[in-house]
Amino acid sequence: MSMCRPFNFSAGPAAMPLEVLEQAAAEMTSWHGCGMGVMEMSHRGKEFISIYEQAEADLRELLAVPPEYRILFMQGGGIAENAIVPLNLSRGGVVDFVVTGGWSQKSAKEAQRYATPHTAASGQASGFTTVPAPASWQLSADAAYLHICSNETIHGVEFHELPDLKALGSDAPLVIDFSSHVLSRPVDWSRVALAFGGAQKNVGPAGVTLVIVREDLLGHALPICPSAFDYKTVADNQSMFNTPPTYAIYMAGLTFQWLKRQREGGLQGVAAMEKRNIAKAELLYGFIDQSGLYVNQVDPTVRSRMNVPFLLRDERLNDAFLAGAKERGLLQLKGHKSVGGMRASIYNAMPIEGVQALVDYMRDFEKERA
Ligand SMILES: *Cc1c(COP(=O)(O)O)cnc(C)c1O
């Protein structure tokens, strides 16, 4: 079974690799001949435990997660982590934020409930089209941690290099929200103490949240932290203190296997994906920058490889653009309401052929109106 589908540019929940969906469909009613679908299995049975352990090992391998970091499969998504991180790490004190778009802004706001957030730097004055240089960040001397969103899904701003806090004279652990670019590129763990991300952008279905946390940060939750959200409790119970989102973990595991099979120019896994993602982003931004109709306002040094917001200079054409795109099998290109215009999310599951089809359409649309 293999079919041709439209190209889906949704920001999330987003397109998944067809091979993964087909494998899940084939295993829906009986996983590996056991007579049960994955949704119907006890999370404590040997079948699901093997799925879980494989998924965890594959994620560790794909992202080269060092042994002193624990991998947790939680629930609540990135938005719940906006509370769960300060509940676990803030000790009720000062927490620094670098605000580079809508998601880090939301994180800082939620942290107010449990800690004292301090905005160390903000890109708001530029409409979130730039990232303030790390040397200009006003870091608190006593921050429990520093939070950044390493890829801003709405504003299309990405850190292409994670900040080196030690070089900035800070001992604060770095927390990154990598929801929308996890597994699109390697992670420099020497700079990161905790990374979290919902699955529905680049990994699998909504419902499972990845948390990768350095062991020394466990065990300091505030007394009001719900047990199911205490990282130490979750870690001590192999993410099974409560029933984990079993089917979402299984689907994420299939995506990890798919990623391990990917090859590109002598590279494999995440390195192969990164190479492809760079080529995809260059193709789309390159076209936008030379066009007279489309514009992306983000500083080229911090443009996201995953989420490409763009405006039509004549916004009266927006509806016609979207309708024509749909006719060409290019789906879910409407931009986020806070930015307007269009957004093409080109996650791992989007092949370069999809980006080429979008560019071809954009060129034709522009020509017809010239
Ligand atoms: C989508 C997204 C979230 C929110 O995820 P939920 O699953 O809705 O909680 C948080 N952060 C970033 C960067 C995102 O892209």
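Both counts, for ligands and for their atoms, begin at 1 and track the order of listing. It should be emphasised that the depicted structure is a prediction, and the values quoted were computed from it without experimental measurement.
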Interfacing atoms of ligand 1 (cut-off 4.0 Å, heavy-atom, Thr153): 12 (C), 13 (C), 14 (C), 15 (O)

Atoms of ligand 1, numbered as shown, that sit under 4.0 Å from any heavy atom of Gly77: 7 (O), 9 (O)

Between Ser179 and Asp177: side-chain donor-acceptor atoms closer than 3.5 Å: yes

Numbered atoms and elements of ligand 1 in range of Gly78, under 4.0 angstrom, heavy atoms: 5 (O), 6 (P), 7 (O), 9 (O), 10 (C)

Ring-face cation of Arg44 near Phe48 (centre distance under 6.0 Å, axis angle within 45°): no

Which residue and heavy atom of the protein sit nearest atom 9 (O) of ligand 1, plus the separation: Ile79 N, 2.8 Å

Heavy-atom check, side chain of Leu146 versus side chain of Trp137, under 4.5 Å: yes

Ligand 1 atoms in contact with Cys149 (distance to a heavy atom under 4.0 Å): 13 (C)

For ligand 1, the portion of Ala11 having any non-hydrogen atom under 4.0 Å away: neither

Tyr52 side-chain N/O to Gln238 backbone N/O, donor-acceptor pair under 3.5 Å: yes

Asp177, portion touching ligand 1 at heavy-atom distance under 4.0 Å: side chain

Asn348 (side chain) donor-acceptor with Pro17 (main chain) under 3.5 angstrom: no

Pairwise side-chain contact, Leu333 with Leu322, heavy-atom cut-off 4.5 Å (strictly under): yes

Where ligand 1 meets Asn151 - atom numbers and elements under 4.0 angstrom, heavy-atom basis: 13 (C)

Atoms in ligand 1 flagged as close to Ser180, the criterion being non-hydrogen separation under 4.0 Å: 15 (O)

Top protein contact for atom 10 (C) of ligand 1, by heavy-atom distance: Trp103 CE3, 3.4 Å

Closest protein heavy atom to atom 14 (C) of ligand 1, given as residue, atom name and distance to 0.1 Å: Lys201 NZ, 2.9 Å

Sidechain-backbone polar pair: Thr29 side chain, Gly37 backbone, donor-acceptor under 3.5 Å: no

Under 4.0 Å to a heavy atom of Gln200 - the qualifying atoms of ligand 1, by number: 5 (O), 6 (P), 7 (O), 8 (O)

Polar side chain donor-acceptor pair, Tyr347 to Asn277, under 3.5 angstrom: no

